[in-house]
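Read the structure below first, then the notes.
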Amino acid sequence: MRAEQQSVASGLIPTYMAMTSSSRAAIAISMAVQNSSLSKLQSFNGIFAIYKKQGPTSADVLNTLKKALLKEAGVANPNPRKRNKQPLKIGHGGTLDSNASGVLVVGIGEGTKMLTTMLAGSKKYRAIGELGKATDSLDVTGNVIEEKSYDHITKEAFEEKLKQFTGEIMQVPPLYSALKKDGKRMSVLLKQGQEVEAKPARPVTVYSLSLQDFSPPYFTIDVECGGGFYVRSLVDDLAKALSSCAHIKELTRTKQGQFTLEEHALKEDRWTLTDISQALQPCPKPSGQHKNAKKAKSRHMPTPSESKGGDGDTND
């Protein structure tokens with residue numbers, strides 16, 4: 001039986017030695033190119049920005065990016081969800097809601113350690129809201145739970161009310177968020193039919209807030225804020241302060257840290273080794289003492305994409 005199996009195998013699978021010299025050379029070149037591409041990918045250490053389109057979750061977008069890079073580097077059948085079995089370390093610095101689009105900052109290699117600064121840094125958003133209707137998720141993906149008149153709201157009144165939401169303010173995070181209860185995301189618990197209590201109000205910072213368009217029931221605002229801020233909550237609170245209700249229809253992150261939507265966010269057709277190598281902001285080289293201190297500290301810190309109450313669907 002063993003001899004028969006060997007005979008069948010030798011008949012079906014041409015051995016390397018039986019190939020022509022040109023075939024062997026082509027295989028050698030292909031392997032060399034793949035090894036070179038993988039080595040190049042594994043040498044990346046820094047942060048860059050990609051464009052997240054509306055629809056997929058931030059985690060889905062990151063997995064698509066990782067799969068594309070591993071495939072280009074010659075890794076056969078890459079599974080980006082199996083972190084411990086992949087030759088690539090990658091993460092993002094602040095979740096965007098699935099309904100939101102815009103700048104998503106990505107860390108690769110040692111750059112993943114820089115992402116905590118992205119969570120705490122300032123961000124800019126453009127939000128389109130609709131007056132008169134409130135939803136359970138505070139955005140267009142939720143169910144309408146309340147309707148109120150908005151005819152009494154003028155542009156002048158709207159702009160005046162914005163001043164109350166600028167600076168250091170207290171904000172209650174939305175129930176549908178990446179914040180966790182007993183280790184599980186509140187949004188997941190709600191979808192499972194479980195009761196979830198709102199988190200207590202917490203201090204957040206709004207650096208600037210301006211009205212760009214007012215065409216009732218729709219309005220457009222630009223927001224620059226700090227970490228842990230929810231634009232969905234802002235729109236909900238703003239409408240309540242105007243004796244009405246509202247929800248977000250569209251949300252776009254236009255800036256995160258030094259990365260802007262117009263100048264830095266790579267769209268999916270540019271998720272290549274060449275484009276990313278050109279866009280990559282390299283990690284600063286730490287001193288030996290600083291490196292050891294960071295290593296000790298990292299043992300007690302969650303990864304940026306897993307941080308509790310970081311930016312979650314958050315900065316939304």
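These numbers come from a predicted model, not from an experiment. Only this structure's heavy atoms are used, side chains among them; waters, hydrogens and symmetry mates stay out.
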Salt-bridge present (Lys161, Glu159; N to O < 4.0 Å) | no
Between Glu250 and Ala100, is there a donor-acceptor pair closer than 3.5 Å when you use the side chain of the first and the backbone of the second?
-> no
Knowing that exactly one of Ile47, Ile108, Val106 qualifies, which makes a side chain to side chain contact (heavy atoms under 4.5 Å, CB included) with Leu280?
-> Ile108
Check the pair Glu72 / Thr272 against side-chain contact (heavy atoms from CB on, under 4.5 Å), numbers first and verdict last.
-> CA-CA 8 Å; Glu72 184 181 351; Thr272 67; 3.7 Å; yes
Any side-chain donor paired with an acceptor under 3.5 Å for Asn99 and Gln54?
-> yes
Sub-3.5 Å donor-acceptor pair from the side chain of Arg253 to the main-chain atoms of Tyr125, do we have one?
-> no
Treating Ile, Leu, Val, Met, Phe, Trp and Tyr as nodes and any side-chain heavy-atom pair under 4.5 angstrom as an edge, say whether Val140 and Leu96 lie in one connected cluster.
-> no
Check the pair Phe158 / Leu238 against side-chain contact (heavy atoms from CB on, under 4.5 Å), numbers first and verdict last.
-> CA-CA 9 Å; Phe158 197 105; Leu238 177 61; 3.4 Å; yes
Indicate yes or no for a side-chain donor-acceptor contact from Arg202 to the backbone of Gly228 under 3.5 Å, with no hydrogens or angles considered.
-> yes
Mind running salt bridge (Lys or Arg N to Asp or Glu O under 4.0 Å) on Lys148 and Glu146 for me, showing each step along the way?
-> CA-CA 7 Å; Lys148 279 189 174 183; Glu146 184 180 22; 3.8 Å; yes
Main-chain N/O of Ala73 paired with Ser37 side-chain donor or acceptor, under 3.5 Å = no
If you round to the nearest 0.5 Å, how far is OG of Ser137 from CG of Asn143?
-> 7.5 Å
Hey, are the side chains of Leu69 and Lys66 touching, using non-hydrogen atoms and a 4.5 Å cut-off?
-> no
side-chain contact (heavy atoms from CB on, under 4.5 Å) between His152 and Ser243, worked out = CA-CA 9 Å; His152 61 283; Ser243 301; 3.9 Å; yes
Does the side chain of Thr112 come under 3.5 Å of the side chain of Glu110 through a donor N or O and an acceptor N or O?
-> no
Check: Phe229 and Leu234 side chains under 4.5 Å, non-hydrogen atoms = yes
Common cluster, Val235/Leu211, ILVMFWY with side-chain heavy-atom separation under 4.5 Å = yes
Exercise: identify the closest heavy-atom pair between Tyr51 and Ala265 | N-CB, 3.9 Å
Only one of Asp237, Asp97, Asp139 clears side-chain hydrogen bond (donor to acceptor under 3.5 Å, both in side chains) with Arg232; which?
-> Asp97
With a 4.5 Å heavy-atom cut-off, do Leu209 and Ile221 have their side chains touching?
-> yes
Qualifying residue for side chain to side chain contact (heavy atoms under 4.5 Å, CB included) with Leu65, from Ile276, Leu70, Leu266 | Ile276
Pairwise side-chain contact, Gln281 with Gln258, heavy-atom cut-off 4.5 Å (strictly under) | yes
Closest non-hydrogen atom pair between Pro216 and Tyr150, with its separation = CB-CE1, 3.9 Å
For Lys240, which residues count as a salt bridge (charged side-chain N to carboxylate O under 4.0 Å, His left out) partner, sequence neighbours excluded?
-> Asp236
Given the rule in the side-chain contact (heavy atoms from CB on, under 4.5 Å) test, do Thr220 and Arg126 qualify, once you have shown the distances and angles that lead to the verdict?
-> CA-CA 7 Å; Thr220 302; Arg126 171 157 290 191; 3.8 Å; yes
Might you work through the side chain to side chain donor-acceptor pair (under 3.5 Å) test for Thr166 and Gln164, ending with a clear yes or no?
-> CA-CA 6 Å; Thr166 304; Gln164 296 182 17; over 6 Å; no
N/O donor-acceptor pair under 3.5 Å between Asp60 side chain and Pro56 backbone = no
Close side-chain approach of Ile128 to Phe219, heavy-atom, < 4.5 Å = no
Taking Gln256 for its side chain and Gly93 for its backbone only, find out whether a donor-acceptor pair lies under 3.5 Å.
-> yes
For Pro174 and Leu138, work out which heavy atoms get closest and say how close.
-> CB-CD1, 3.6 Å
d(Lys123 NZ, Thr254 OG1) to nearest 0.5 Å is 12.0 Å
Any side-chain heavy-atom pair of Leu41 and Leu273 under 4.5 Å = yes
Tightest non-hydrogen contact, residues Gly94 and Leu104, listed as O-CD1, 3.3 Å
For the atom pair OG (Ser277) and CZ (Phe48), what is the distance rounded to the nearest 0.5 Å?
-> 10.5 Å
For His247 and Asp136, indicate whether the former's side chain and the latter's backbone hold a donor-acceptor pair under 3.5 Å.
-> no
About how many Å separate NZ of Lys249 and OG1 of Thr135, when rounded to the nearest 0.5 Å?
-> 10.5 Å
Can the positive tip of Lys155 be found less than 6.0 Å from the middle of the six-membered ring of Phe214, inside 45° of the ring normal?
-> no
Could you pull out the closest heavy-atom pair between Tyr230 and Pro173, with the gap in Å?
-> CE1-CB, 3.9 Å
From CE (Met114) to CG (Asn45), nearest 0.5 Å | 10.0 Å
Using a 4.5 Å cut-off on heavy atoms from C-beta on, say whether the side chain of Val206 contacts that of Glu224.
-> no
Minimum-distance pair of heavy atoms, taken over all atoms of His92 and Ser58 = NE2-CB, 4.0 Å
Nearest-0.5 Å distance, CG of residue Leu62 to CD1 of residue Ile50 = 6.5 Å
Return yes if some donor-acceptor pair links the side-chain N/O of Ser244 with the main-chain N/O of Ser149 below 3.5 Å, else return no.
-> yes
Side-chain contact test, heavy atoms from C-beta onward, threshold under 4.5 Å: evaluate it for Val61 versus Thr64 and give yes or no.
-> no
Under 3.5 Å, is there a donor-acceptor pair linking the side chains of Ser233 and Gln171?
-> no
Residue Lys133 excluded, over 12 heavy atoms near NZ under 6.0 Å = no
Gly257 backbone acceptor or donor facing Lys255 side chain under 3.5 Å = yes
